Amino acid sequence: MLRPKVKPVLAYLVLIVPSSLIILGFLWLLITSFSTRVEGLQSLGWTLNNWRFLWESPFGPQYPSIWAVTLNTLVMSLIMTLIVVVVSSLTGYALSRMKFPGRKGFLSLTLILHAFPSVTLLIPIYFVLLQIAKIPLIGRDVPLLGGFGYNTIGGVALVMVAFQLPFGIWIMKGFFDNISWDMERSALIDGASRFKVWWQIIMPNIKPGIAALSIFSFLTAWNAYLIPLTFTAGRAGKSAVLSLYLQNFISESVMTEWNAVAAVGLFQLVPVVLFFLFTQEALLNIYGGGKKGGV
Amino acid sequence: MKRLFLLMLIGCFVVSGGLITLGQDTETVTITVRCRAKPPMEDWRGNNFILAAEGLNADLEAAGDPRRVEVVIIQDNIDWGPYVTEFVLSYGAGEEPDIWLTGHEYIGVQAEAGRIIALDELMKEFPGFNNVIDSLWESTSYKGEIWGVPQDAEARPLYFNKALLGELGWTANEIAALPNNIEKGEFTLNDMLTVAKEAVDEGVVADGNGFWMRPSNGPDFTALYYAFGGETIDVATGKLVFNEVAGLKYYQFFYDAAQIYGSMGGLGLGWGDAWHPGVSGSKVLFWVGGTWQWAEWAELFLKDLGGEAYMWETFGIALIPAAEQGGQPNSLTHPMAYLISSQCEDPDLALALIDKVTDYGPNTRHAIASTHLGILNGQTEYKFYKDSRLLSETLYMLDYTTFLPNNPYWGPYSTITYEALAAVVGDDFTPQEAVEFVVDGLQRELGDDVIIR
């Protein structure tokens with residue numbers, strides 16, 4: 001029998017050892033980004049030069065500024081997150097609460113779609129984007145998004161939505177399943193419409209689920225590489241996003257400036273950390289909403 | 001008073017109407033230029049067009065042409081695979097660049113697919129193109145027509161480390177005479193391997209570091225295949241060719257290099273983390289590289305040691321030696337070329353821009369910054385060009401140069417022949433097995449589109 005004081009110490013030890021490895025990694029990243037060279041965690045000279053991409057393009061004036069690229073990435077991530085959360089919530093609710101023909105088949109199909117490696121769908125999606133580009137008003141020349149066709153931020157976001165939706169629908173269905181029918185039934189008896197029940201009764205109870213899905217969707221879009229690479233023209237083009245911009249620093253044929261890579265990597269990480277900080281309360285409260293065991 | 005006011009009003013209308021009409025008389029044409037360039041050395045590939053646009057707009061204005069050009073440059077160092085895919089996909093979406101810079105070997109594929117235009121007719125109105133060295137047009141021709149304008153050229157020489165040769169006991173005179181001996185065919189590829197082996201045996205370099213080629217598939221290997229008498233294209237039919245006898249000698253050379261002469265240890269290494277540091281860090285005695293790498297080593301790897309000054313003391317440059325005594329040494333040029341999309345709405349303006357950058361000033365800027373060779377007749381006499389020692393000392397290599405063939409099936413041909421080479425270097429194939437592998441693979445993949453001799 002361990003003494004009461006030893007238990008928490010052991011618990012902390014178990015937590016600290018694996019965490020320290022991750023923290024060391026981030027520490028190295030931080031030190032490297034401000035150093036000319038490093039040996040382990042020791043800087044051999046401090047510099048701000050690796051961060052100069054913030055105020056000037058490291059690849060000459062013809063390259064897009066990091067801020068334009070960040071705006072592209074942010075718009076793409078927010079659009080994707082918004083669509084995924086809204087569509088998943090509505091679909092998850094319908095699948096959780098309503099019985100209709102093909103419900104199980106639809107659920108299975110979404111799971112199968114999620115299992116498809118995205119690379120196998122790139123060419124068919126390309127042709128879909130070509131058709132979308134021909135649709136008046138939304139195909140081309142939409143402010144900020146560029147549109148929803150090939151080589152537009154909206155187009156890339158749309159493709160990302162398609163890949164993320166199966167995951168989102170299943171997650172949200174799970175959260176709706178955990179909400180008691182009693183609450184919903186009471187509201188319906190009181191005369192609320194189905195939409196009102198969904199919006200005013202159910203949605204506030206699955207905030208942790210919305211937060212979780214938002215974070216996963218945002219992170220997926222923020223770090224996406226293959227889809228933006230395939231469906232936009234040029235890592236320095238009008239629709240470039242951060243993951244592509246970072247690749248400009250890494251080349252197979254010339255020496256990679258890892259210090260600059262570390263700085264851009266950290267820069268890419270900052271919004272993600274901020275996003276996590278603002279949503280972590282909802283995330284940690286993941287089973288706090290609704291009543292379990294409803295019919 | 002009223003009359004005066006009326007006259008002033010009419011005058012204002014006339015003047016503003018005239019101004020509006022003048023404003024409407026010019027039409028802005030956006031020309032997108034897409035380049036693959038390693039920053040900062042190769043930035044002039046795209047940036048030259050910014051200056052060119054100013055000149056072209058002045059020309060258009062003087063000629064009374066209402067069009068004005070606005071240039072959009074997209075330039076990065078993306079890998080070749082995604083770079084070509086991007087052009088193909090964006091062409092399908094109508095989003096492709098008007099001017100696309102690429103390796104000349106892609107001309108066959110893109111011409112067959114109808115994505116680029118032949119330039120012969122348009123070029124007649126731009127006599128400046130007559131300044132381009134004649135042999136370079138060969139690299140951008142396909143089925144009797146010209147499809148691209150050469151942007152740069154380079155030599156792929158044999159580099160040698162003077163300091164390491166000195167450690168082997170070579171005198172300064174012997175080292176200095178090496179390029180000349182190679183040019184005369186007196187120092188052959190096998191002589192080179194013998195020296196490489198000696199360096200390994202004496203511990204001057206590590207085993208595997210006697211002689212290196214590039215670490216992955218690429219045009220350099222074809223230069224050695226040519227050295228052994230290999231052919232890649234049948235002039236009469238335009239079909240690809242593989243010579244079994246030359247192929248056997250070629251694979252035997254690499255088999256011997258790796259298994260007997262302590263060489264080819266660089267195959268499979270990463271470019272930036274191992275290959276460049278290896279050759280620039282004096283760990284390798286002989287290696288085949290590109291002249292453009294000279295600028296990369298000076299700028300990115302050896303700046304702290306003195307850059308070019310250190311390199312001239314430490315490294316020597318020569319042609320790739322002949323395969324046999326008295327034979328012809330060679331080099332290989334892989335010119336980049338500006339191509340014009342078949343969907344470009346103003347190809348004459350696109351070509352006018354290319355004409356502007358295909359001139360002594362712009363091309364020399366790029367040549368100096370990236371240590372690529374000039375492409376224009378008499379460029380060695382151009383003041384700023386001849387100031388570059390490397391460019392001046394290597395231009396003679398264009399007299400010995402060879403090219404990759406412009407054929408749509410070059411991709412699979414190159415892959416199959418390289419896979420066999422990697423296998424002989426790795427001791428997985430004998431030279432004979434490598435030849436059989438290549439013949440089987442080419443016939444399977446290309447059928448009637450390849451000739452085996």
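Protein chains get the first letters and strands the later ones, always in sequence-line order, with residue 1 at the start of each. Computed from a prediction, not measured in an experiment: that's the story for all the values here.
- Contact of A/Ala233 with chain B is made through backbone and side chain together, with heavy-atom distances under 4.5 Å.
- Taken to the nearest 0.5 Å, the OH atom of A/Tyr126 stands 11.0 Å off from the OG1 atom of B/Thr85.
- Separating the CG atom in A/Leu244 from the CG atom in B/Asp76 is a distance of 9.0 Å, to the nearest 0.5 Å.
- Under a cut-off of 6.0 angstrom, the local environment of OH in A/Tyr225 is crowded, with over 12 non-hydrogen atoms contributed by other residues, nucleotides or ligands.
- No more than 12 heavy-atom neighbours from other residues, nucleotides or ligands sit within 6.0 angstrom of CD on B/Glu345.
- When the salt bridge (charged side-chain N to carboxylate O under 4.0 Å, His left out) test is applied to B/Glu95, the partners found at least two apart in sequence or on another chain are A/Arg140, A/Lys238.
- Chosen from B/Glu86, B/Gln293, B/Arg34, the residue pairing most often with chain A at heavy-atom distances under 4.5 Å is B/Glu86.
- Here B/Gly92 is the residue among B/Gly92, B/Ala37, B/Gly46 with the most heavy-atom pairs under 4.5 Å with chain A.
- Using a 4.5 Å cut-off between heavy atoms, B/Ser90 contacts chain A through both its backbone and its side chain.
- No more than 12 heavy atoms of other residues, nucleotides or ligands lie within 6.0 Å of CZ in A/Arg37, so this atom counts as exposed by the packing criterion.
- Remark: A/Leu44 CG is packed, more than 12 non-hydrogen atoms of other residues, nucleotides or ligands lying under 6.0 Å away.
- A distance of 8.5 Å separates CH2 in A/Trp258 from CG in B/Asp273, rounded to the nearest 0.5 Å.
- With a 4.5 Å cut-off on non-hydrogen atoms, B/Val88 touches chain A through its backbone but not through its side chain.
- B/Leu89 has its side chain out of reach of A/Asn151: every pair of non-hydrogen atoms, C-beta onward, lies at least 4.5 Å apart.
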